[in-house]
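For the single chain, residues carry numbers from 1 onward in sequence order. All ligand and atom numbering here is 1-based and tracks the order in the structure.
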Amino acid sequence: ARAGTGAPGGGAEALAREAQRLFLRTFPGLEPCVAVAAPGRVNLIGEHTDYNRGLVLPMALPMVTVVVGCKSEDGVISLLTTAMEADEPRCLEFPVPSKVNPLNPGVPRWANYVKGIIQHYRARPLTGFKAVIASDVPLGGGLSSSASLEVAMYTFLQQICPDDGDLVAKAQTCQKAEHTFASVPCGIMDQFISVMGRKDHALLIDCRSLEVTPVPLTDPNLVVLITNSNVRHTLSGSEYSTRRSQCEAAAKALGKESLRCATMADLEALKASLDAEVYRRARYVITEIKRTTEAAEALKTGNYGQFGKLMVESHCSLRDDYDVSCQELDELVVAAMDGEGVFGSRMTGGGFGGCTVTLVETTAVEKTMQRIKDRYRGTATFYITKPSPGAYVMKLSGF
Ligand code: ADP
Ligand code: MG
């Protein structure tokens, strides 16, 4: 995966300072008076369940995307990103969209996430602005740099052209931008957690009712370790849409509004008439929703052993039934699990590369990372993370 600039987890302040310096060099004479940050996320359990109206249990990360900039009076939007996308220009200018002159997706591809937000933003009139984007969420690493970029841009627009402040509508607008401008038919999880994230808590999100239950995650003896496989297989886009259609087909065959409403008994009763692959996809989703409920309960009661067991079951079902894991992720999970003090480990995010998440005792973290490094045939990158806040406006006084 291509990393953004800035040391991962090096802090929103350092990123904002970097963005501010770049802003002053790029737009001399203007003052970057607005700075905002929005986090990436890691999902502890409940994968591919959001678009089945199920449950997810993510937490917001200390890694963020920041947007620093100011309004301008010239009717032009000027954007610059520090991200190291090898093949694309890093800056872009275009007129403020209007009814007769709306924004459309195009190139550079990275700007589509931003243009989608501007086009679908929930307040008007927009003015021109200049902004620099910097991020320490790894790009394409399954920690949702895309949602953090969308939510950061939305939060920036809220500062220059306030909307009604409705946070659910904000997350939904960011999701819509990803659907229509990046052509990724994602669920609501990534944008929702980037908006709603809460320090020291994972959030159990019901993607049908959008009800949120914060689950404390502050035990000093416990570490959430993320391991980046640093591979991304190109399959992920097309396979994602295929999985969605298969889930819809399964729900329809079962006569349910979504797989959220189906039980394993419903599925078994229809097994003979279902396509074998569709059956396995549905089995994954139905069991994953159940695992996620149980995992949230286990975390609440401090039963980490049970939580870890559910993580491993989740991984195995993602690998065997949903077919979205890959050799590298499987290797990382096996290496993580093969030692003392490790409760559980699983792939996280859409799959086909990206990261694993491991729940491990604080005293066993160093050994676990060493073991993974020794056994993994690729190059692994580690992030020791804490549940962090959702999107916020940064104070500029420290600059
Ligand atoms: P993930 O969300 O797991 O990181 P995605 O493929 O969904 O992976 O999104 C990654 C894409 O989002 C990048 O290829 C790039 O186009 C865009 N992106 C994310 N962060 C930035 C950034 N700071 N600057 C420019 N583009 C970004
Ligand atoms: Mg993404």
Between [X] and [Y], is any side-chain donor less than 3.5 angstrom from a side-chain acceptor?
| X | Y | result |
| --- | --- | --- |
| Y279 | E268 | yes |
| N52 | S258 | no |
| T49 | E288 | no |
| S314 | R291 | no |
| N221 | E361 | no |
| H120 | T180 | yes |
| T155 | K170 | yes |

Just distances here: any N/O of [X] and N/O of ligand 1 closer than 3.5 Å?
| X | result |
| --- | --- |
| E178 | no |
| S145 | yes |
| A134 | no |
| T81 | yes |

Identify, by atom number and element, the atoms of ligand 1 in contact range of [X], meaning under 4.0 Å from any of its heavy atoms.
| X | value |
| --- | --- |
| L143 | 3 (O) |
| S135 | 23 (N) |
| G141 | 3 (O), 4 (O) |
| G140 | 1 (P), 4 (O), 8 (O), 10 (C) |
| R232 | 6 (O) |
| I133 | 23 (N) |
| W110 | 15 (C), 16 (O), 25 (C), 26 (N) |

Candidates L139, V67, V114; heavy atom nearest atom 20 (N) of ligand 1 found on L139
Among G142, G353, G40, which one puts a heavy atom closest to atom 3 (O) of ligand 1?
G142
Looking at [Y] and [X], is there a salt bridge between them, counting it only when a charged N and a carboxylate O are closer than 4.0 Å?
| X | Y | value |
| --- | --- | --- |
| R280 | D320 | no |
| D164 | R122 | yes |
| D266 | K256 | yes |

At under 4.0 Å between heavy atoms, what of D190 touches ligand 1? The answer is neither
Tell me which part of P138 gets within contact of ligand 1: side chain, backbone, both or neither, using heavy atoms under 4.0 Å.
backbone
Leaving waters out, which protein N, O or S atoms fall under 2.8 Å from the Mg ion (ligand 2)?
S146 OG
Going by atom type alone, with no hydrogens or angles, which donor-acceptor pairs under 3.5 Å involve a side-chain atom of residues 295-303 and a protein atom two or more places apart or on another chain?
| from | atom 1 | to | atom 2 | distance (Å) |
| --- | --- | --- | --- | --- |
| T301 | OG1 | E297 | O | 3.1 |
| T301 | OG1 | A298 | O | 3.2 |
| N303 | OD1 | Q306 | N | 3.2 |

Nonpolar side-chain network containing V107, other nodes, edges under 4.5 Å:
none
Pairs satisfying side chain to side chain donor-acceptor pair (under 3.5 Å), at least one member in residues 187-204, at least two apart:
R41-D190, S144-D190, E150-Q191, E178-Q191
